[in-house]
Amino acid sequence: VVSYNIILGGLAKLGRITEARKLLEEMVEANIEPDLVSYNILIHGMCREGMLSDARRILNTMRASGIEPDTVTYSTILDGYCKGGKVVQARQLLGEMLRRGCFPNAVTFNILIQSVCKEGRISEAYKLLQKMRERGLCPDTITCNIMIQGLCKNGRVDNAIQIMDSMCLQGSATIGEDEGSMTNASLSDRCFPDVVTYSTVMDGLCKEGRLDEAKGLFVEMLEKGLEVDEIAYSTIIDGLCKQGELNVAFKLLNEMQTRGCPPTKGTYNILMQGLCSKGKIDRAYKLLEYMQKKGCAPD
RNA sequence: ACUUUUAUUGAUA
């Protein structure tokens with residue numbers, strides 16, 4: 001099964017769902033019964049392709065073959081519904097999950113929290129956090145990152161920074177409503193800021209025109225020895241471009257190359273956008289040629 | 001005991 005699952009995963013990742021379905025049938029014929037993981041892979045692939053109702057139908061297929069969907073299965077479809085804005089269906093599925101005695105875990109909650117954050121319902125997100133704790137689940141770094149992004153996108157960058165600071169200090173998420181309720185800060189959640197945390201907050205700061213603070217965080221991240229990736233670089237580069245600090249932005253581009261963090265086409269797009277918005281079309285052209293020379297295909 | 005396959009977070013548009 002594992003061998004087949006690996007291939008299934010490969011197909012699913014490429015969005016080749018029809019082939020994945022066929023492979024599943026072949027497995028049955030070859031007397032290798034698809035297992036829980038096989039179905040989860042297929043469902044995930046379908047969700048990524050927006051085939052939500054197909055994914056949903058697989059649930060029944062699974063049950064018919066005597067395989068009970070697990071938390072991963074439900075979370076996968078839930079995420080698909082949430083990302084697709086199908087709130088009603090998401091609620092239904094959550095109910096079904098609970099009715100069947102399948103417990104949500106931290107990932108499930110993270111999906112739900114992200115969903116309400118994207119709708120701008122921050123207080124709802126805090127309520128979910130509360131529920132999460134009541135169920136004995138610890139918010140993890142991803143939970144914090146989701147909250148941080150939600151706060152940033154809703155004009156509450158300073159609250160986001162508070163969360164990040166408390167992550168730094170205690171290595172745990174002290175996330176309760178701002179009115180300092182000292183929730184479970186003692187628990188051994190390993191919940192330190194990572195590159196995503198920093199990138200998210202830097203982006204929030206840049207979008208508010210607080211470039212200097214973002215720069216400060218960037219330096220802090222380097223000092224901490226975190227592995228700065230191309231998105232972190234791109235984030236600050238975008239901030240620099242938008243504030244007209246193109247030369248600094250290009251300095252960072254070079255730094256990326258020397259640090260073994262190769263710029264992607266996204267990075268180049270940001271810089272070309274920056275050049276174009278300043279009317280420097282010639283330099284933008286040059287950069288277009290340059291990225292190709294570096295083996296980066298423009299889109 | 002350990003080990004292979006599945007779900008959630010960040011940039012440009």
Side-chain angles (χ1 to χ4, degrees), chain A residues 1-13 20 27 34-48 55 58 62 69-83 97 102 104-115 117-118 125 132 137 139-153 160 164 191 193-207 214 217-218 221 226 228-242 249 252 256 263-277 298-299:
Chain A
V1 226
V2 175
S3 319
Y4 273 98
N5 284 350
I6 293 172
I7 305 295
L8 263 181
L11 289 170
K13 188 165 283 177
M27 290 171 73
D35 65 2
L36 181 60
V37 174
S38 320
Y39 285 108
N40 286 347
I41 292 172
L42 181 63
I43 286 176
H44 184 214
M46 288 174 158
C47 288
R48 284 175 33 140
I58 301 289
M62 292 172 74
D70 69 350
T71 306
V72 174
T73 320
Y74 287 109
S75 300
T76 305
I77 307 180
L78 255 185
D79 187 53
Y81 280 144
C82 288
K83 298 241 157 83
M97 176 179 180
C102 183
N105 61 14
V107 174
T108 320
F109 272 98
N110 287 344
I111 290 166
L112 297 172
I113 292 174
Q114 167 163 244
S115 165
C117 279
K118 289 260 147 93
M132 195 174 171
L137 298 168
D140 57 14
T141 302
I142 295 184
T143 318
C144 296
N145 289 344
I146 290 169
M147 288 300 299
I148 286 174
Q149 149 130 280
L151 290 164
C152 285
K153 294 277 189 234
M164 189 171 74
C191 201
D194 61 8
V195 210
V196 176
T197 319
Y198 276 97
S199 306
T200 309
V201 177
M202 287 191 312
D203 186 53
L205 286 168
C206 287
K207 300 256 149 78
L217 287 181
F218 189 75
M221 184 166 51
L226 288 176
V228 182
D229 63 9
E230 81 278 1
I231 298 186
Y233 271 107
S234 301
T235 304
I236 191 76
I237 286 176
D238 185 51
L240 290 163
C241 286
K242 301 245 151 85
L252 283 179
M256 287 177 80
T264 62
K265 102 188 138 203
T267 318
Y268 289 111
N269 285 346
I270 288 167
L271 283 158
M272 289 189 295
Q273 176 80 252
L275 289 168
C276 287
S277 69
D299 59 5

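Residue numbering restarts at 1 for every chain, and letters A, B, ... go by the order of the sequence lines.
Counted by atom type alone, Asn105(A) and Thr71(A) present zero donor-acceptor pairs between their side chains at under 3.5 Å. Between the side chains of Thr235(A) and Asp238(A), no donor N or O sits under 3.5 Å from an acceptor N or O. Remark: the Asp79(A) side chain and the Thr76(A) side chain contain no N/O donor-acceptor pair separated by less than 3.5 Å.
One atom, CE of Met62(A), and another, P of A7(B), lie 14 Å apart when rounded to the nearest Å. In this structure, Ile7(A) places its CD1 atom 13 Å from P of U6(B), rounding to the nearest Å. Across the protein-nucleic acid pair, Asp203(A) atom CG and G10(B) atom P stand 10 Å apart, rounded to whole Å. The separation between Asp238(A) atom CG and A13(B) atom P is 7 Å, rounded to whole Å. Between the P atom of U9(B) and the CG atom of Asp194(A) lies a distance of 13 Å, rounded to the nearest Å. In this structure, Gln149(A) places its CD atom 5 Å from P of G10(B), rounding to the nearest Å. For the pair Glu230(A) CD and U12(B) C1', the computed distance is 12 Å after rounding to whole Å.
No donor-acceptor contact under 3.5 Å links the side chain of Thr200(A) to the base of G10(B). On a pure distance criterion of 3.5 Å, a polar donor-acceptor pair joins the side chain of Asn105(A) and the base of A7(B).
Using a 4.0 Å heavy-atom distance criterion, Thr235(A) is classed as a sugar-phosphate-only contact. Residue-level contact check: Ile146(A) touches the backbone only, with heavy atoms under 4.0 Å from sugar-phosphate atoms and none from bases. At the heavy-atom level, Ala232(A) lies under 4.0 Å from base atoms of the strands shown.
Side chain of Ser75(A), nearest nucleotide from A7(B), U9(B), U5(B): A7(B). For Asn110(A), the listed nucleotide lying nearest its side chain is U8(B); candidates were A11(B), A7(B), U8(B). The side chain of Thr71(A) has A7(B) as its nearest neighbour among U5(B), G10(B), A7(B).
By the salt bridge (charged side-chain N to carboxylate O under 4.0 Å, His left out) test, Asp203(A) is found to be paired with Lys153(A), Lys207(A), residues two or more places apart in sequence or in another chain being considered.
Contact record, Cys152(A) with Thr200(A): SG-O, 4.1 Å, taken as the closest heavy-atom pair.
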